[in-house]
Amino acid sequence: MISKAQWRVTLRARREAISPADRLAAAQKAAAHLIEADKFKSSTHIALYYAVGGEFPTKALIDTCLAYGKKVYLPVIDKAGLLTFHAFSQGATLIANQFGILEPKEAPLFPAHELDLLFLPLVGFDAKGNRLGVGGGYYDRLLKSLESRPILSIGLAYTCQEVDLLPKEPQDQPIQGVLTENGFRFWY
């Protein structure tokens with residue numbers, strides 16, 4: 001079986017091969033799929049993130065959520081190395097953390113267990129709902145902590161990031177769905 005490290009190299013290369021115009025088109029298609037989803041229509045509190053590097057672009061999704069009156073929350077890595085979520089609005093001050101990821105500065109904390117939807121980044125995914133992240137385990141720890149009140153966790157990816165089967169370790173937490181330029185897929 002191919003290792004996680006090998007998959008990360010392969011799948012990052014696939015992402016990087018996508019042209020800027022195709023990235024923008026994928027994000028716009030995903031936003032159009034989002035507004036048609038029943039779960040989106042019934043949700044109020046939605047967690048997203050600002051994409052870095054070759055990650056699936058999230059600005060169109062953030063803008064769509066705000067345009068539809070949804071409350072948007074962005075992750076912040078706290079001093080203990082855990083993800084917390086903070087309110088975001090247009091014009092809010094964002095600062096880059098140690099990984100270059102934009103986080104809200106001095107925004108109100110929102111309890112993760114009260115989120116309706118959690119969109120998370122990934123490097124790859126498979127048809128069983130396994131997610132290959134960057135390797136820091138931040139989202140795995142978060143999902144594990146939310147087991148008593150599961151929220152809908154949806155990876156954001158290009159279709160080219162899907163593989164047949166990813167290696168899975170005990171700490172790896174599955175996602176319940178994925179949103180790509182081709183729409184939603186769910187495993188629950």
Side-chain angles (χ1 to χ4, degrees), residues 4-5 7-18 20 22-24 26-31 33-34 40 45-65 72-78 81-86 88 94-104 110 112 115-126 128-146 151-163 166-169 171-187:
K4 284 183 174 185
W7 272 126
R8 283 188 181 99
V9 170
T10 299
L11 294 171
R12 283 185 175 134
R14 285 184 192 174
R15 275 191 332 201
E16 295 302 323
I18 300 169
D22 288 343
R23 289 174 190 276
L24 180 59
Q28 291 170 338
K29 288 177 183 177
H33 292 298
L34 179 64
F40 174 76
H45 304 285
I46 300 175
L48 279 150
Y49 59 94
Y50 262 97
V52 295
E55 291 176 341
F56 193 91
T58 55
K59 185 172 181 342
L61 295 168
I62 292 169
D63 291 347
T64 297
C65 288
V72 174
Y73 305 90
L74 298 179
V76 172
I77 300 172
D78 71 10
L82 301 174
L83 286 182
T84 59
F85 289 88
H86 298 261
F88 172 76
L94 299 173
I95 56 170
N97 69 11
Q98 67 267 34
F99 302 112
I101 301 167
L102 294 176
E103 299 177 337
F110 187 81
L115 292 167
D116 299 312
L117 289 174
L118 169 66
F119 287 97
L120 56 158
L122 51 80
V123 176
F125 68 98
D126 66 23
K128 296 183 180 221
N130 295 311
R131 170 189 168 268
L132 178 65
V134 175
Y138 295 101
Y139 281 95
D140 288 317
R141 288 189 295 277
L142 173 69
L143 293 172
K144 181 74 174 164
S145 75
L146 295 172
I151 60 173
L152 188 57
S153 57
I154 301 170
L156 292 172
Y158 302 101
T159 55
C160 69
Q161 292 175 258
E162 182 174 7
V163 300
L166 287 169
K168 188 172 187 311
E169 297 174 4
Q171 71 273 13
D172 294 337
Q173 299 296 307
I175 53 177
Q176 296 164 306
V178 68
L179 174 59
T180 71
E181 68 274 19
N182 292 337
F184 282 96
R185 284 184 46 207
F186 294 103
W187 296 287

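Count residues from 1 along the sequence. Treat the numbers as computed from the prediction; the structure is a model and nothing was measured.
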Step by step, would you call Glu181 with Phe56 a side-chain contact (heavy atoms from CB on, under 4.5 Å)? CA-CA 10 Å; Glu181 68 274 19; Phe56 193 91; 4.3 Å; yes
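- Taking OG1 of Thr84 as the reference point, atom CD of Glu103 lies at 7.5 Å (rounded to 0.5 Å).
- The distance from atom CZ of Arg141 to atom CD of Gln171, rounded to the nearest 0.5 Å, is 9.5 Å.
- Of the candidates Trp187, Phe184, Phe186, Val178 forms a side-chain contact (heavy atoms from CB on, under 4.5 Å) with just one, namely Trp187.
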Give the intermediate values and the outcome of side-chain contact (heavy atoms from CB on, under 4.5 Å) for residues Arg131 and Leu120. CA-CA 10 Å; Arg131 170 189 168 268; Leu120 56 158; 3.3 Å; yes
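- Distance check: Ile46 CD1 to Cys65 SG gives 4.0 Å after rounding to the nearest 0.5 Å.
- A donor-acceptor pair is defined here as one N or O able to donate and one able to accept, closer than 3.5 Å; such a pair exists between the side chain of Glu55 and the backbone of Val52.
- Side-chain rings of Phe119 and Tyr49 stay apart, their centers remaining 6.0 Å or farther from each other.
- Between His33 and Thr180, the closest side-chain pair of non-hydrogen atoms is not below 4.5 Å.
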Do Ile175 and Tyr139 pass the side-chain contact (heavy atoms from CB on, under 4.5 Å) test, and can you show the C-alpha distance, the side-chain angles, and the key distance before you say yes or no? CA-CA 10 Å; Ile175 53 177; Tyr139 281 95; over 6 Å; no
Salt bridge (charged side-chain N to carboxylate O under 4.0 Å, His left out) evaluation trace for Asp126 with Lys168: CA-CA 11 Å; Asp126 66 23; Lys168 188 172 187 311; over 6 Å; no
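- For the pair Ile62/Leu74, a side-chain contact is recorded, criterion being any heavy-atom separation below 4.5 Å from C-beta on.
- Within the 6.0 Å centre-distance limit, the rings of His45 and Tyr73 are counted as a close aromatic pair.
- Here the side chain of Gln176 pairs a donor or acceptor atom with the backbone of Ser153 at under 3.5 angstrom.
- Taking 4.5 Å as the limit, some side-chain heavy atom of Arg12 sits within range of a side-chain heavy atom of Val134.
- Contact annotation: the side chain of Tyr138 approaches that of Phe99 to within less than 4.5 Å [non-hydrogen atoms, C-beta and beyond].
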Might you work through the side-chain contact (heavy atoms from CB on, under 4.5 Å) test for Ile151 and Asp116, ending with a clear yes or no? CA-CA 6 Å; Ile151 60 173; Asp116 299 312; over 6 Å; no
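- We find the CG-CG distance between Asn130 and Leu122 to be 11.5 Å, quoted to the nearest 0.5 Å.
- Considering only heavy atoms from C-beta on, Leu24 stays 4.5 Å or farther from Pro57 through its side chain.
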